[in-house]
Amino acid sequence: MIFSTKKNILFFVLFAFVFFQNLQAQELSSTSTDFIKNIESIILKENNFKKDTVALKKRLSYLHKSSNKKSQILYHALLANGFSVFFDRTNNKSEYFYLKSVEEAKKLNDPALIIWTQLNYSQYLYYYCQIDKLIPIVLKTMDESNHVDPSEMILPEVTFKFFGWIMSTIEDNSAISFYKKSMQYMEKFSSESAGVLNAIGNCYLRNKDLANAMRYFNESEAVALKIGDSIRYAKILGDKAMVYEKKGNLKDAARFLKQDISYSQKFKIDKNEMYASILLARILLKLKETTQVEKILARAGTIASSKSYYRSSLKEIIELKLLVLNGKNAEKELLLRRQLKLIEEYLLKTNGNSVLQRSYWLIQKKKYENYTKKIQLQLEQGEKMKNLYIFILFLTIVLSFITYNSLNKKLKEKKIKLENDRLLFEKMLKDANSDINTYAEYLKNKNKKISFLENKLEEIKNSNAIHLEEEKGKLHEILSSHLMTDENWGAFKREFIKQHGDFYNTLINNFPELKESNLKIIMLKKLDLNNYEISNLLGVTIDAIKKSKQRLKKKLGNKYDLLFEIIDIK
């Protein structure tokens with residue numbers, strides 16, 4: 001499937017992470033040609049990376065200190081990639097260093113580095129579905145690449161392949177030409193060429209040219225089998241299944257998809273298994289073989305829920321589950337529809353249809369502008385072309401205006417509908433759900449009450465009145481009830497994990513040394529509570545909180561700063 005090829009983006013996004021394993025003792029060549037050769041020769045040899053940003057900083061520190069501007073640019077780009085891999089989502093650290101590398105490359109005015117840094121950033125945006133940010137940068141990079149000889153570019157095969165992915169995403173037929181251009185610079189029998197052949201087949205499949213689609217799938221399959229690429233072979237099986245589905249041969253389509261899923265499970269290709277499972281569920285529903293569908297969708301749903309950028313697939317899975325239920329379980333359907341509404345709201349803000357439509361409009365606008373420039377150059381050759389130019393320019397403006405207004409109107413209608421749905425949804429869930437933000441506000445209110453009670457107790461302590469002893473006892477009892485008990489902590493922890501699951505999993509996976517007492521302080525710190533507020537809730541002194549942090553710093557060593565970098569990322 002075309003979107004299953006996204007995983008290959010990591011090859012380029014992360015290649016720089018391992019780029020300097022064989023380059024620690026040498027400085028990059030000052031000439032552009034040697035610089036490019038160094039990069040490309042190392043990429044062909046290296047294929048390992050680690051999710052450790054502390055080690056990465058140490059590893060690349062000599063680049064940061066280098067007087068060579070290119071080395072410093074690469075340092076920022078590599079660090080951005082490292083944070084991207086570590087967090088496995090968009091994050092402020094990556095964003096800062098990506099933009100820093102692009103800015104410095106422009107100051108150096110090195111075309112190869114400008115294109116590479118922009119492409120490096122674009123792949124990050126593409127992988128995490130930041131479509132609105134992505135499109136302007138890709139358009140600019142495409143235009144700049146037209147003015148550079150491919151032999152002077154860094155990895156032209158990867159560059160053109162990425163342009164092909166982008167144009168495939170918006171269903172533009174120019175994707176095929178980009179793919180074919182990328183193949184001119186890669187080995188004939190390699191995983192990369194098999195992937196590109198597969199992508200071309202998907203372009204023809206989208207255009208309903210089944211003959212050419214199957215032709216390229218067969219070519220991709222032949223390469224994959226020749227080089228022993230079982231992962232690529234699994235994906236091709238799924239793509240062939242779509243051709244059989246288009247031909248109406250559903251049983252063969254289902255058979256190929258089951259093979260695809262089997263290979264995906266064997267080689268632990270979760271994303272491909274998820275896509276194949278969704279397709280298989282659709283086909284089995286058409287064949288009215290529903291006995292296996294629920295199990296298939298349950299497994300696919302588990303995968304889709306593991307990453308925030310799989311939510312488009314999770315939406316498809318929920319819609320299929322609703323088809324399977326078909327009114328048989330009203331309570332379960334209600335829960336699924338609630339989940340579906342939340343996902344639709346999220347997709348509207350990130351990679352939903354309205355965003356993709358706006359992005360498509362930007363692409364079309366750029367095409368119109370380029371076309372107008374071309375007409376303008378032709379008009380300089382003769383007065384007779386003037387009327388034609390005016391007509392085309394007017395048509396371009398009108399079409400752009402109509403397209404913009406149409407998309408804007410649809411977007412407003414969609415927003416109104418979603419707002420109405422949201423109000424209805426909130427009404428249904430009123431008094432039924434809360435989130436971690438509400439919990440944080442609740443904890444802050446508790447702190448205010450605790451401070452008030454402590455002040456009252458201090459006043460009683462300084463008073464000699466005997467009759468106040470009974471009131472003092474009552475205040476102590478109320479104060480104790482506001483502290484974070486084991487029961488309160490359990491409820492808080494469950495709500496926290498719902499909202500910040502990725503953050504909690506990062507802590508558990510990367511800092512196994514943390515005890516429950518450490519987690520309490522870290523999780524409360526994540527909600528922007530200060531030492532005083534934390535000490536109030538836990539019923540300890542501020543000095544106890546500080547000492548706990550000091551002991552933690554001693555235990556974690558170099559990893560302590562990384563821990564608080566993670567806490568500060570929103």
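Every value quoted in this text rests on a predicted model; they were computed, and no experiment measured them.
In terms of heavy atoms, Ile166 sits closest to Leu134 at CD1-CD2, 3.5 Å. Scanning both residues, Asn510 and Pro512, for their nearest heavy atoms gives C-CD, 3.4 Å. Contact detail for Arg311 and Ile343: the closest heavy-atom pair is O-CG2, 3.5 Å. Nearest heavy-atom pair across Ala77 and Ser101 is N-CB, 3.8 Å. Looking at every heavy atom in both residues, Asp260 comes nearest to Ala234 through OD1-O, 2.8 Å. In plain terms, the two heavy atoms of Ser264 and Asn272 that are nearest each other are OG-ND2, 2.9 Å.
Note: Ser220 OG to Lys235 NZ = 10.5 Å, rounded to the nearest 0.5 Å. In this structure, CZ on Arg282 lies 12.5 Å from OG on Ser277, to the nearest 0.5 angstrom. Remark: Ile317 CD1 to Lys321 NZ distance equals 7.0 Å, nearest 0.5 Å. Between the OG atom of Ser94 and the CZ atom of Arg89 there is a distance of 9.5 Å, given to the nearest 0.5 Å. Separating the NZ atom in Lys180 from the CG atom in Leu197 is a distance of 10.0 Å, to the nearest 0.5 Å. One finds the CG atom of Asn91 at 14.0 Å from the OH atom of Tyr96 (value rounded to the nearest 0.5 Å).
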TODO: List the steps and the verdict of side-chain contact (heavy atoms from CB on, under 4.5 Å) for Leu257 and Glu245.
DONE: CA-CA 11 Å; Leu257 285 169; Glu245 182 190 12; over 6 Å; no
Steps toward side-chain contact (heavy atoms from CB on, under 4.5 Å) verdict (Arg215, Asn212): CA-CA 5 Å; Arg215 170 193 159 198; Asn212 269 319; 3.4 Å; yes
Go through it in stages, so that I can follow the logic: the residues are Thr90 and Glu95, the test is side-chain contact (heavy atoms from CB on, under 4.5 Å), and I'd like the CA-CA distance, side-chain angles, deciding distance and then a yes or no. CA-CA 8 Å; Thr90 55; Glu95 191 79 14; 5.8 Å; no
Exercise for the section: Apply the test side-chain contact (heavy atoms from CB on, under 4.5 Å) to residues Leu314 and Ser305: give CA-CA distance (whole Å), side-chain angles for both, the deciding distance (0.1 Å), then the verdict. Expected result: CA-CA 7 Å; Leu314 186 57; Ser305 300; 3.8 Å; yes
Working for side chain to side chain donor-acceptor pair (under 3.5 Å), residues Ser174 and Asp172: CA-CA 5 Å; Ser174 65; Asp172 190 295; 2.7 Å; yes
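The side-chain heavy atoms of Ile176 and Met167, taken from C-beta on, include no pair separated by under 4.5 Å. At a threshold of 4.5 Å between non-hydrogen side-chain atoms, the residues Asn198 and Tyr216 do not count as touching. With a 4.5 Å cut-off on side-chain heavy atoms, Val148 and Ile115 count as touching. Counting heavy atoms from C-beta outward, Leu340 and Leu322 have side chains that approach closer than 4.5 Å. Considering only heavy atoms from C-beta on, Asn558 comes within 4.5 Å of Lys58 through its side chain. Contact check for Phe178 versus Lys161: no side-chain heavy atoms found under the 4.5 Å cut-off.
Judged by a 6.0 Å distance limit and a 45° cone about the ring axis, Lys226 is positioned over the six-membered ring of Phe189.
Between Asp252 and Arg255 there is a salt bridge, since a side-chain N of the basic residue sits under 4.0 Å from a carboxylate O of the acidic one. Ion pairing between Lys268 and Glu273 fails under the 4.0 Å rule for side-chain N and carboxylate O. Using a cutoff of 4.0 Å between basic side-chain nitrogens and carboxylate oxygens, Glu103 and Lys106 are not scored as salt-bridged. Contact check on Asp502 versus Lys307 returns no salt bridge, with no Lys/Arg side-chain nitrogen under 4.0 Å from an Asp/Glu carboxylate oxygen. The pair Arg232-Glu221 fails the salt-bridge criterion, with no side-chain N (NZ, NE, NH1 or NH2) lying under 4.0 Å from an Asp/Glu carboxylate O.
With ring centers used as reference points, Tyr244 lies under 6.0 Å from Phe256.
Aromatic ring orientation, Tyr126 versus Phe162: perpendicular (interplanar angle above 60°, classes split at 30° and 60°). Ring orientation note: the planes of Phe87 and Phe83 are close to parallel, at an angle under 30° on the 30°/60° scale. Under the 30°/60° scheme for interplanar angles, the aromatic rings of Tyr263 and Tyr233 are found to stand perpendicular. The aromatic rings of Tyr75 and His64 sit parallel to each other, their planes meeting at less than 30°, with 60° as the upper class boundary. Using cut-offs of 30° and 60° for the angle between ring planes, the Tyr124 and Tyr98 rings count as tilted.
Asn218 and Lys240 form a side-chain donor-acceptor contact under 3.5 Å, judged by distance and modelled atom types alone. Side-chain contact of Ser151 with Asp149: a donor-acceptor pair under 3.5 Å is present, judged by distance alone. Judged by distance alone, the side chains of Gln184 and Glu157 never bring a donor and an acceptor atom under 3.5 Å apart. Judged by distance alone, the side chains of Ser168 and Tyr179 do bring a donor and an acceptor atom under 3.5 Å apart.
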